[in-house]
Student: 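Okay, here's the structure, questions in a sec.
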Amino acid sequence: MTVRTRYAPSPTGALHIGNVRSGLFAYLFARHAHGAFILRIDDTDTERSTRESLDEILESLRWLGVEWDEGPPDRKYFQSSRYDRYRESALKLLAEGKAYPCFCSAAELDAMRQQATREHRKPGYDGRCRDRTPPAELPKVELPDKKAGRNYTIRFRAPHEGATVVDDLIKGRAVFENREIDDLIIFRSDGVPTYNFATVLDDFDFGITHVVRGDDHLPNTPRQMQIFYALGLEPPAYAHLPMVMGADGQKLSKRHGATSVFAYRDLGYFPEALLNYLVRLGWSHGDQEIFSRQEMFDYFDFASCGKSAGIFNAEKLLWLNFHYLKERPVPQLAQDVKPFIAQRGWTIPGDDAWLERAVATLRERAKTLAELADFASFYILDEIAIEPKAASKFLKPEIAEALDALAGELDSLGADFSEVAIAAAFERVLGRFAIKLGQLAQPVRVALTGGTVSPGIYEVIAVLGRARTVARLRTALVLCTGAI
RNA sequence: GGUCCCAUCGUCUAGUGGUUAGGACACCGGCCUCUCACGUCGGUAACGCGGGUUCGACUCCCGCUGGGAUCACCA
């Protein structure tokens with residue numbers, strides 16, 4: 001039997017990283033088993049589903065390189081296009097007495113729950129319509145349709161006897177006593193099926209062999225299995241992944257800051273880094289930390305998945321991103337950083353070769369593309385802002401002469417503006433004034449970059465070029481003397 | 001509150017009865033050095049508690065404690 005897994009996000013918001021990890025694991029398992037990965041869109045919540053969310057989900061997945069074998073744009077993989085199928089099955093359940101109409105209003109249900117909670121009973125549905133005779137004016141029970149006066153919901157008649165056993169591939173066996181499970185609504189009064197019902201039909205129709213999802217779905221699983229049984233179908237295998245928590249130990253959500261895939265993309269993270277981080281959160285392969293996509297495919301299995309929830313650690317993700325950034329070929333990196341420079345409204349004052357030289361000096365100092373772009377500002381911008389503290393510490397009168405001399409030396413270098421030639425110019429100035437490199441390099445650094453932190457000073461000068469270097473040195477000269 | 005899940009350094013984890021409990025991130029220190037990084041060397045740091053089982057438990061069983069998820073006409 002070929003493995004078929006699925007990822008079924010609902011288009012009701014951004015694709016966030018805790019959620020997408022479940023999709024990633026489903027995808028990896030399918031690839032590992034040379035099976036198929038299906039993307040399905042759970043859009044039965046017509047109130048909250050939006051086109052924007054759908055587009056963001058699709059684009060996020062593409063950016064990550066999580067490729068689906070079946071799914072959008074094929075309408076067949078949208079629940080909203082499968083209502084006929086859901087109706088047909090609900091009708092069947094109704095006819096067989098395995099489901100029944102429930103006439104309780106939302107307000108009534110709410111009151112029921114509140115009272116149960118007050119009396120320390122479980123807040124589930126008490127089954128009051130389970131054996132109630134439908135009103136006489138209903139000739140026969142059909143699916144809800146408010147416009148036609150059929151304002152009720154359809155509930156699944158869950159068995160009271162026995163137990164439902166989930167043999168989870170990750171969690172092991174979980175036994176649910178059937179008497180603990182109440183009758184859930186499978187069709188809403190607006191004629192739209194609910195998730196637990198639709199998902200069962202989808203998983204069956206699309207031939208899903210392994211349902212891989214977050215363990216927040218574990219309590220739903222016996223309900224879904226019962227529906228499979230009622231329909232005379234065999235449930236798939238289940239693999240429930242532990243959750244991803246925020247630093248506070250709670251399920252990761254929007255209030256934990258940057259959590260969407262887009263957020264990380266826009267912050268200048270690489271998809272490889274995000275993927276690598278996510279795959280190591282809850283899964284391991286010995287002590288290995290860095291995984292190529294192929295290695296993920298090759299090694300992934302449920303046996304190596306952990307059972308306990310993991311806390312999202314932004315620092316480690318940053319480290320991984322740094323790793324991939326350092327590994328990136330410079331020409332590629334230069335192309336990668338361009339959109340980030342453009343986004344800042346800056347114009348690159350040189351060709352690709354120049355940008356590559358600049359990037360080469362910066363790449364071990366930036367952990368993201370956004371940082372790389374920011375760091376490159378002193379190369380790119382015509383005017384730089386000099387940090388007051390740096391200026392007062394290093395741009396002092398006593399260094400003015402040496403700075404002036406250096407400007408002269410560099411200005412007269414001629415065609416050879418190489419690091420070697422620049423170093424030689426420094427040596428001449430150092431010798432003439434009997435000072436150490438450190439004494440000269442820092443003032444120069446402040447003059448050229450505006451701060452005290454930068455790549456090696458010769459590199460900076462070589463990339464900056466003679467004109468800009470000399471001009472900035474002379475500007476700094478004014479600060480030196482003015483600082484008296 | 002009911003049900004279900006979970007429990008090794010701060011964090012991610014290796015570990016499947018006998019280990020000086022290993023690695024990674026972070027943190028701290030040395031080296032490198034024109035600054036900052038990179039790199040490199042080293043360091044601090046964990047088996048929640050209590051009972052069993054066993055010659056021997058981080059590993060197996062039970063209880064406790066703690067944490068989490070879930071209990072919608074959301075998915």
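As the structure is a computational prediction, the values presented were derived from the model and not from experiment. Lettering of chains follows the sequences in order, A, B, ..., and the numbering in each one begins at 1. As a basis for the values below, the full set of heavy atoms in this structure was taken, side chains included, without hydrogen atoms, waters or symmetry mates.
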Student: Provide the distance between the two C1' atoms, one in A7(B) and one in C58(B), to the nearest whole Å.
Tutor: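 Result for the C1' pair: 12 Å, nearest Å.
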
Student: Using Watson-Crick or G-U wobble geometry with both distances below 3.5 Å, tell me the partner of G50(B), or none.
Tutor: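 Pair assignment: G50(B) / C62(B).
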
Student: Treat primed atoms plus P, OP1 and OP2 as sugar-phosphate and everything else as base, then score nucleotides 32-47 of chain B 5' to 3': B for base contact with protein heavy atoms under 4.0 Å, S for sugar-phosphate contact only, - for none.
Tutor: --BBBBSS--------

Student: Less than 3.5 Å apart, which donor and acceptor atoms pair up between the side chains of residues 456-463 of chain A and the rest of the protein, not counting sequence neighbours?
Tutor:
residue, atom, partner, partner atom, Å
Glu459(A), OE2, Gly456(A), N, 3.1

Student: What string of B, S and - do you get for nucleotides 69-75 of chain B 5' to 3' if you count protein non-hydrogen atoms under 4.0 Å?
Tutor: SSBSBBB

Student: Any carboxylate oxygen within less than 4.0 angstrom of a Lys/Arg side-chain nitrogen, looking at Glu364(A) and Lys326(A)?
Tutor: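 Salt bridge between Glu364(A) and Lys326(A), a charged N being under 4.0 Å from a carboxylate O: no.
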
Student: Now, which nucleotide makes the Watson-Crick or G-U wobble pair with C36(B), with each of the two distances under 3.5 Å?
Tutor: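 Because no pair has both required distances under 3.5 Å, C36(B) counts as unpaired.
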
Student: When you compare G68(B) with U8(B), how far apart are their P atoms, in angstrom units rounded to a whole number?
Tutor: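 Here G68(B) and U8(B) have their P atoms 15 Å from each other.
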
Student: P atom, G23(B) versus A14(B): distance in rounded Å?
Tutor: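 One P to the other, the span is 15 Å.
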
Student: Could you tell me whether the side chains of Tyr86(A) and Arg82(A) share a donor-acceptor contact shorter than 3.5 Å?
Tutor: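 Per modelled atom types, Tyr86(A) and Arg82(A) side chains form a pair under 3.5 Å.
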
Student: Could you state the CG-C1' distance from Asn313(A) to C9(B), rounded to the nearest angstrom?
Tutor: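 These atoms are roughly 14 Å apart.
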
Student: Rounded to whole angstroms, how far apart are CD on Gln288(A) and C1' on G22(B)?
Tutor: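 After rounding, the reported distance stands at 16 Å.
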
Student: Between Tyr100(A) and Asp183(A), is any side-chain donor less than 3.5 angstrom from a side-chain acceptor?
Tutor: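 Looking only at side-chain atoms, Asp183(A) and Tyr100(A) do form a donor-acceptor pair, the distance falling under 3.5 Å.
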
Student: Which nucleotide, A14(B), C5(B), A7(B), lies nearest any side-chain atom of Ser308(A)?
Tutor: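 Taking heavy atoms from C-beta onward, the closest nucleotide is A7(B).
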
Student: Assign Phe176(A) to base, sugar-phosphate, or nothing according to its heavy-atom contacts below 4.0 angstrom with the strands shown.
Tutor: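 The residue Phe176(A) makes sugar-phosphate contact but no base contact.
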
Student: When rounded to the nearest Å, what value does the distance between C1' atoms of G42(B) and C47(B) take?
Tutor: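 To the nearest whole Å, 25 Å.
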
Student: Name the pairing partner of G42(B), where a pair is Watson-Crick or G-U wobble with both distances under 3.5 Å, or state none.
Tutor: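 G42(B) is paired with C28(B).
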
Student: Using atom C1' of each nucleotide, how far apart are G22(B) and C4(B) to the nearest Å?
Tutor: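 Looking at atom C1' only, G22(B) and C4(B) are 33 Å apart.
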
Student: Take atom C1' in G15(B) and the same atom in C9(B), then report the distance between them in whole Å.
Tutor: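 These two C1' atoms come out 14 Å apart once rounded.
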
Student: For Thr194(A) versus Ile185(A), what's the shortest heavy-atom pair and its separation?
Tutor: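 Looks like OG1-O, 2.7 Å.
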
Student: When you match Asp287(A) and Gly172(A) each to their closest nucleotide on RNA chain B, which lands nearer the 5' end?
Tutor: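 Closest to the 5' end, via its nearest nucleotide, is Gly172(A).
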
Student: Tell me which nucleotide, if any, is Watson-Crick or G-U wobble paired with U70(B) when both distances must be under 3.5 Å.
Tutor: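 WC or wobble partner is G2(B).
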
Student: Nearest-Å distance, CD1 (Ile311(A)) to C1' (C12(B))?
Tutor: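 Distance, rounded to whole Å: 10 Å.
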
Student: Would you mind reading off the distance between Asn276(A) atom CG and C12(B) atom P, rounded to a whole angstrom?
Tutor: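 Value for this atom pair: 17 Å.
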
Student: Between Phe312(A) (CZ) and C25(B) (C1'), how many Å, whole number?
Tutor: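 Going from Phe312(A) (CZ) to C25(B) (C1'), I get 13 Å.
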
Student: Distance check needed: A26(B) C1' versus His323(A) NE2, whole Å only.
Tutor: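 Whole-Å distance recorded here is 18 Å.
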
Student: Can you tell me the distance, in whole Å, between the CG atom of Leu317(A) and the P atom of A26(B)?
Tutor: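 That distance rounds to 12 Å.
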
Student: How would you label the contact of Val166(A) with the nucleic acid (heavy atoms, under 4.0 Å): base, sugar-phosphate, or nothing?
Tutor: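 Here Val166(A) touches no strand at all.
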
Student: Taking 4.0 angstrom as the limit, do Glu272(A) and Arg328(A) come out as a salt bridge?
Tutor: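 Result for this pair is yes, salt bridge flagged.
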
Student: Classify the ring geometry between Trp283(A) and His285(A) as parallel (under 30°), tilted (30 to 60°) or perpendicular (over 60°).
Tutor: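 If you compare the ring of Trp283(A) with that of His285(A), the planes turn out parallel.
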
Student: Under 3.5 Å, side chain of Asn321(A) to main-chain N/O of Phe270(A), donor-acceptor pair present?
Tutor: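 Yes; judged by distance alone, with no hydrogens or angles, the pair exists.
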
Student: Using atom P of each nucleotide, how far apart are C5(B) and C61(B) to the nearest Å?
Tutor: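 Per the computed distance, 14 Å lies between those P atoms.
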
Student: Taking Lys122(A) first and then Asp182(A), would you say they form a salt bridge - that is, a charged N and a carboxylate O separated by under 4.0 Å?
Tutor: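 Not counted as a salt bridge, because no side-chain N and carboxylate O are separated by less than 4.0 Å.
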
Student: Using a 4.0 Å heavy-atom cut-off, does Glu315(A) contact any base of the nucleic acid, only the sugar-phosphate backbone, or nothing at all?
Tutor: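 Counting heavy atoms under 4.0 Å across all strands, the contact made by Glu315(A) is with sugar-phosphate only.
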
Student: Taking only the P atom of each, what is the distance from U59(B) to G18(B) in whole angstrom?
Tutor: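 It comes out at 11 Å once rounded to the nearest Å.
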
Student: Please check: side-chain N/O of Ser304(A) versus main-chain N/O of Asp301(A), any donor-acceptor pairing under 3.5 Å?
Tutor: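 Absent.
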
Student: Rounded to whole Å, please give me the gap between CZ in Arg280(A) and P in G23(B).
Tutor: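 My rounded result for the distance is 14 Å.
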
Student: Scan Gly282(A) against the nucleic acid and name what it touches under 4.0 Å (heavy atoms): base, sugar-phosphate only, or nothing.
Tutor: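 Counting heavy atoms under 4.0 Å across all strands, the contact made by Gly282(A) is with sugar-phosphate only.
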
Student: Does any nucleotide pair with G18(B) by Watson-Crick or G-U wobble geometry, both distances under 3.5 Å, and what is it?
Tutor: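 Across all strands, the one nucleotide that pairs with G18(B) is C55(B).
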
Student: Any salt bridge between Glu401(A) and Arg432(A), counting N to O under 4.0 Å?
Tutor: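 Salt bridge between Glu401(A) and Arg432(A), a charged N being under 4.0 Å from a carboxylate O: no.
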
